[in-house]
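Below you'll find the structure, written out as structure tokens, and then a few comments.
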Amino acid sequence: MFDSSVSVIIAYHSGSGHTTRMAEATRDGVAAVTGAAGELISVDTLTDDHWARLDAADAIIFGSPTYMGTASPAFHTFAHDTSGRWYAQAWKNKIAAGFTTSGAKSGDKLHTLQYFTVLAAQHGMHWVNLDLLPGSQESDLNQLGGWLGAMAQSPGGQGPEAMNKSDLLTATHLGQRVAEHAQLLRRARQA
């Protein structure tokens, strides 16, 4: 699966492709870190092998569009389905992070990221934030001003190709940061 590389799974749901683009950008950030491997897993098509990969991962990055002020129904189903892993504390001490998209500039994306942080905390995971100051221009990283995770504004009625490049680069930054933290945690455990 991942040999000796740090493994980062991007567990996401995408309704119309915008969140898939964020997931791909996040995976690009993971891939930019030597000794890290990223994999996309769509939570609405999970197999037993996917669950095994999630269980074996060093880090899990959650991603979902924000619908009606929270993660999508498909993501909520995934979260519910992790309850057996919660009970066994199977994901305890893994690295976690998250990203979300919505059509509006705000769109209550912060609530979705907070939902992800609570889910991670319930699993005993270590949350990695974005660590970027807010951008002052639309072309800057973190131009939407989030700290808990990466946010993107997906223009209503437009396809994923119309997404703001800086939002995608912010997701790439998050993926890199998560991979680096997963490596730090692995080294600490081996010391």
Side-chain angles (χ1 to χ4, degrees), residues 8-32 38-46 50 54 59-82 96-122 125 127-178:
V8 180
I9 301 288
I10 297 100
Y12 74 99
H13 171 253
S14 186
S16 56
H18 299 93
T19 311
T20 297
R21 280 206 71 200
M22 288 285 286
E24 292 166 347
T26 304
R27 181 186 57 197
D28 292 346
V30 172
E39 178 182 358
L40 302 180
I41 293 180
S42 179
V43 300
D44 55 346
T45 59
L46 288 171
H50 290 139
L54 285 160
I60 302 172
I61 303 174
F62 302 123
S64 171
T66 295
Y67 292 155
M68 304 305 292
T70 189
S72 67
F75 193 91
H76 277 271
T77 298
F78 161 72
H80 178 269
D81 291 345
T82 69
F99 61 87
T100 188
T101 64
S102 72
K105 285 274 188 187
S106 171
D108 295 321
K109 288 184 278 293
L110 176 60
H111 185 263
T112 299
L113 292 174
Q114 290 171 329
Y115 171 74
F116 292 159
T117 62
V118 171
L119 175 64
Q122 289 173 333
M125 301 170 85
W127 189 262
V128 173
N129 60 40
L130 194 53
D131 91 317
L132 291 172
L133 293 173
S136 59
Q137 300 178 44
E138 195 169 307
S139 61
D140 292 341
L141 291 184
N142 198 22
Q143 58 103 10
L144 293 174
W147 281 270
L148 283 181
M151 299 178 178
Q153 190 246 337
S154 304
Q158 296 183 29
E161 66 284 347
M163 292 178 71
N164 184 303
K165 183 177 180 179
S166 70
D167 291 345
L168 296 171
L169 290 173
T170 301
T172 301
H173 174 83
L174 179 65
Q176 181 175 349
R177 184 163 160 79
V178 168

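Excluded from the calculations below are hydrogen atoms, water molecules and symmetry mates; all remaining heavy atoms, backbone and side chain alike, are included.
T172 places a side-chain N or O within donor-acceptor distance of the main-chain N or O of A25, the cut-off being under 3.5 Å. Q153 places a side-chain N or O within 3.5 Å of a backbone atom of G103 that can act as its donor or acceptor partner. Looking at T100, its side chain never comes within 3.5 Å of a backbone N or O of M151 through a donor-acceptor pair.
Across I61, D44, L40, a single residue satisfies side chain to side chain contact (heavy atoms under 4.5 Å, CB included) together with Y12, and that is L40.
A donor-acceptor contact under 3.5 angstrom links the side chains of H13 and S72, judged on distance only. Inspection of the T66 and K109 side chains reveals no N or O donor paired with an N or O acceptor under 3.5 Å. Side-chain N/O atoms of E138 and N164 include a donor and acceptor closer than 3.5 Å.
Between F62 and W127, the two ring planes are parallel [angle under 30°; tilted spans 30° to 60°].
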Would you check, one step at a time, whether the test side chain to side chain contact (heavy atoms under 4.5 Å, CB included) holds for F78 with L54? CA-CA 12 Å; F78 161 72; L54 285 160; 4.0 Å; yes
For the pair L133 and N142, evaluate side chain to side chain contact (heavy atoms under 4.5 Å, CB included) and give the outcome as yes or no after the intermediate values. CA-CA 7 Å; L133 293 173; N142 198 22; over 6 Å; no
One pair to check against side chain to side chain contact (heavy atoms under 4.5 Å, CB included): D131 and H173. What are the steps and the verdict? CA-CA 9 Å; D131 91 317; H173 174 83; 2.6 Å; yes
Under the side chain to side chain contact (heavy atoms under 4.5 Å, CB included) rule, what do L110 and L148 come out as? Steps first, then yes or no, please. CA-CA 8 Å; L110 176 60; L148 283 181; 4.0 Å; yes
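How far CG of L169 is from CG of D28: 9.5 Å, rounded to the nearest 0.5 Å. Interatomic distance, CG of L168 versus CZ of R21, reported as 4.5 Å (0.5 Å rounding). Summarising the geometry, atom OG1 belonging to T26 is positioned 12.0 Å from atom CD belonging to Q176; distances are rounded to the nearest 0.5 Å.
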